[in-house]
Amino acid sequence: MDYKIVTNNNKVFNFFKETDNVVYLEGYNIEKVLNFIEQKCLEGHRLLSDPILYNLENLDNPFKSILITDKQIEDNTHSIKIIVGVLDIIKKVNFTPKETQNEISLEEFRFVDLNLIRDSITKISLL
């Protein structure tokens, strides 16, 4: 399945930059990443990975990588409903700003996000 990775994580970008499958949103916070994903869904791309926060322990993670289809599809209403719901949820969550976190924590969060997206790619590759 053809996919694009949308990420604000430079570790994910650097890992996949040799491919044409990554869109790097440098300096974007999670809400801006999700707004970008919403726009892509409205253009007809389908979500291939879960845009929802994985667990409450990951709330401080300022990095988010999401898989979407590379090509647009005809019926994308399910993905649009999901991303709109996620954007509603995210407005109610208080995130720790990236600027207030130390570099060791940020590097750990980058690594967690990279592993999550690699796992997602492995799962869709098996479909």
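Here the structure is a predicted model, which means the values were calculated and not measured.
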List for me each residue that meets side chain to side chain donor-acceptor pair (under 3.5 Å) alongside [X], sequence neighbours excluded, and say none if there are none.
| X | result |
| --- | --- |
| Asn9 | Asp113 |
| Thr77 | Asp75 |
| Lys11 | Glu107 |
| Asn10 | Arg110 |

Can you give me every donor-acceptor pair (side chain of residues 20-38, partner residue at least two apart or in another chain, under 3.5 Å) with its distance?
residue : atom : partner : partner atom : Å
Asn29   : OD1  : Glu31   : N            : 3.1
Asn29   : OD1  : Lys32   : N            : 2.8
Asn35   : ND2  : Glu31   : O            : 3.2

Cluster question for you: counting only ILVMFWY and a side-chain heavy-atom cut-off of under 4.5 Å, with indirect links fine, are Ile90 and Ile52 together?
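Ile90 clusters together with Ile52.
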
Following the transitive rule for hydrophobic clusters with a side-chain heavy-atom cut-off under 4.5 Å over Ile, Leu, Val, Met, Phe, Trp and Tyr, establish whether Val12 and Ile124 coincide in one cluster.
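Yes, Val12 and Ile124 fall within the same hydrophobic cluster.
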
[atom1]-[atom2] distance between [X] and [Y], expressed to the nearest 0.5 angstrom:
| X | Y | atom1 | atom2 | answer |
| --- | --- | --- | --- | --- |
| Ile117 | Lys64 | CD1 | NZ | 8.0 Å |
| Ile73 | His78 | CD1 | NE2 | 10.5 Å |
| Asn102 | Glu108 | CG | CD | 8.0 Å |
| Leu48 | Tyr3 | CG | OH | 10.0 Å |

Ignoring hydrogens, what is the shortest heavy-atom contact between Thr7 and Phe13? Give both atom names and the distance.
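Residues Thr7 and Phe13, closest heavy atoms: CG2-N, 4.2 Å.
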
For residues Phe63 and Leu106, report the shortest heavy-atom separation together with the two atoms involved.
CE1-O, 3.6 Å

Applying side chain to side chain contact (heavy atoms under 4.5 Å, CB included), can you list everything that pairs with Glu43, at least two apart in sequence or on another chain?
Gln39, Lys40, His45, Gln72

Output all residues satisfying side chain to side chain contact (heavy atoms under 4.5 Å, CB included) with Lys71, sequence neighbours left out; order by chain, then residue number.
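Counting only residues at least two positions away or on another chain, Lys71 forms a side chain to side chain contact (heavy atoms under 4.5 Å, CB included) with Asp2.
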
All pairs passing salt bridge (charged side-chain N to carboxylate O under 4.0 Å, His left out) where residues 92-101 contributes a residue, at least two apart
none

Where do Ile66 and Ile5 land on the side-chain contact (heavy atoms from CB on, under 4.5 Å) test, with the steps shown first?
CA-CA 6 Å; Ile66 301 170; Ile5 303 164; over 6 Å; no

Would you say Thr122's side chain and Arg118's backbone share a donor-acceptor pair under 3.5 angstrom?
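Indeed, once roles are kept as given, a pair shorter than 3.5 Å links the two residues.
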
Report yes or no: does Ser49 contribute a side-chain atom to a donor-acceptor pair with the main-chain N or O of Ser120 at less than 3.5 Å?
no

Within 6.0 angstrom of Ile104 CD1, more than 12 heavy atoms from elsewhere:
no

Scan the side chains in residues 79-89 for donor-acceptor partners under 3.5 Å anywhere in the protein, sequence neighbours excluded, and list what turns up.
residue : atom : partner : partner atom : Å
Ser79   : OG   : Leu47   : N            : 2.9
Ser79   : OG   : Asn76   : OD1          : 3.2

